[in-house]
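Taking it in order: structure first as structure tokens, then the write-up.
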Amino acid sequence: MKYTEDHEWLRLDGDTVTVGITEHAATQLGDLVFVELPEVGRTVSKGEECAVIESVKAASDIVAPLDGEITEVNDAIVDDPAKVNADPAGEGWFFRMKIADASALDGFMDEDAYKAHAG
């Protein structure tokens, strides 16, 4: 897995990347109460806001970590946002996107670098 400075994790499978938020982010946000996901088929650019999450503490935007097309969303977390808190790196994933260039992942942190970043 790779990690962003915005506390998102990325898991590559072929030319598809699954995106979610880290356990650190889920803990900092507190209990999630609302999740809005992007539409399947939407083309996004790196840094573009594409999802919204709200917790008992705050609302946050999830940005696209890479350029690509949204190919799948996790409707289960819309129905039950607590899944993100319970299993942020598993069942709590947000969306999958098809990327044109897997080498774009090279600029992201590995787990050790992310742990140092998150403190």
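Along the sequence shown, residues are numbered consecutively beginning with 1.
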K2: what forms a salt bridge (charged side-chain N to carboxylate O under 4.0 Å, His left out) with it, not counting sequence neighbours?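 In terms of salt bridge (charged side-chain N to carboxylate O under 4.0 Å, His left out), with neighbours along the sequence ignored, K2 is linked to no residue.
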
Show the nearest heavy-atom pair for residues [X] and [Y], with the distance to one decimal.
X	Y	answer
P65	T4	CB-CG2, 4.1 Å
E54	A59	CG-CB, 3.7 Å
V35	V78	O-CG2, 3.8 Å
G14	L12	O-CD1, 3.2 Å

Verdict with supporting geometry, I62 and F95, side-chain contact (heavy atoms from CB on, under 4.5 Å): CA-CA 10 Å; I62 303 297; F95 56 88; 4.2 Å; yes

When you group the ILVMFWY residues by side-chain heavy-atom contacts below 4.5 Å and let the links chain together, are [Y] and [X] in the same group?
X	Y	result
V19	L105	yes
Y3	I21	no
W93	L29	no
L66	V73	yes

Ionic contact status for K83 with E91, cut-off 4.0 Å: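 The answer is yes: the pair qualifies as a salt bridge.
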
Set out, in order, the CA-CA distance, both residues' side-chain angles and the distance that settles side-chain contact (heavy atoms from CB on, under 4.5 Å) for I99 and T16, then state yes or no. CA-CA 6 Å; I99 58 171; T16 300; over 6 Å; no

Under 3.5 Å, is there a donor-acceptor pair between the T71 and R96 side chains?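 Side chains of T71 and R96: no pair found under 3.5 Å.
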
Are any non-hydrogen side-chain atoms of [X] and [Y] less than 4.5 angstrom apart?
X	Y	result
F94	N74	no
M1	E111	no
M97	P38	no

I'd like to check the side chain to side chain donor-acceptor pair (under 3.5 Å) partners of S60; sequence neighbours left out, ordered by chain and number.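 Scan of S60 (side chain to side chain donor-acceptor pair (under 3.5 Å), adjacent residues dropped) gives none.
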
Sequence neighbours left out, what passes side chain to side chain donor-acceptor pair (under 3.5 Å) with Y114? Give chain and number order.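 For Y114 the side chain to side chain donor-acceptor pair (under 3.5 Å) partners, ignoring immediate neighbours, are H7, T22.
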
Test: salt bridge (charged side-chain N to carboxylate O under 4.0 Å, His left out). Region: residues 19-46. Which pairs qualify, not counting sequence neighbours?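 Listed by first then second residue: R42-E48.
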
With F108, which residues qualify under ring-ring contact (aromatic ring centres under 6.0 Å, His included), at least two apart?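 In terms of ring-ring contact (aromatic ring centres under 6.0 Å, His included), with neighbours along the sequence ignored, F108 is linked to no residue.
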
Rounded to the nearest 0.5 Å, what separation is found between the [atom1] atom of [X] and the [atom2] atom of [Y]?
X	Y	atom1	atom2	result
I77	N85	CD1	CG	10.5 Å
H117	D6	NE2	CG	7.5 Å
K115	M109	NZ	CE	13.0 Å
D15	D101	CG	CG	11.0 Å

Quick check: are there more than 12 heavy atoms from other residues, nucleotides or ligands sitting under 6.0 Å from CG of D13?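 Result for CG/D13: open.
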
D110 (side chain) donor-acceptor with D112 (main chain) under 3.5 angstrom: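 Indeed, once roles are kept as given, a pair shorter than 3.5 Å links the two residues.
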
Does any N or O in the side chain of R11 come within less than 3.5 Å of the main-chain N or O of A89, such that one atom is a donor and the other an acceptor?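 Such a contact is found between R11 side chain and A89 backbone.
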
Step-by-step side-chain contact (heavy atoms from CB on, under 4.5 Å) determination, D67 to V44: CA-CA 6 Å; D67 296 340; V44 294; over 6 Å; no

Tell me who clusters with V52, hydrophobic residues only, linked when side chains sit under 4.5 Å apart either directly or through other members.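 Reading the cluster by chain and number, V52 sits alone, since nothing else belongs.
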
Tell me, with the steps shown, if V56 and V33 meet side-chain contact (heavy atoms from CB on, under 4.5 Å). CA-CA 7 Å; V56 294; V33 295; 4.0 Å; yes

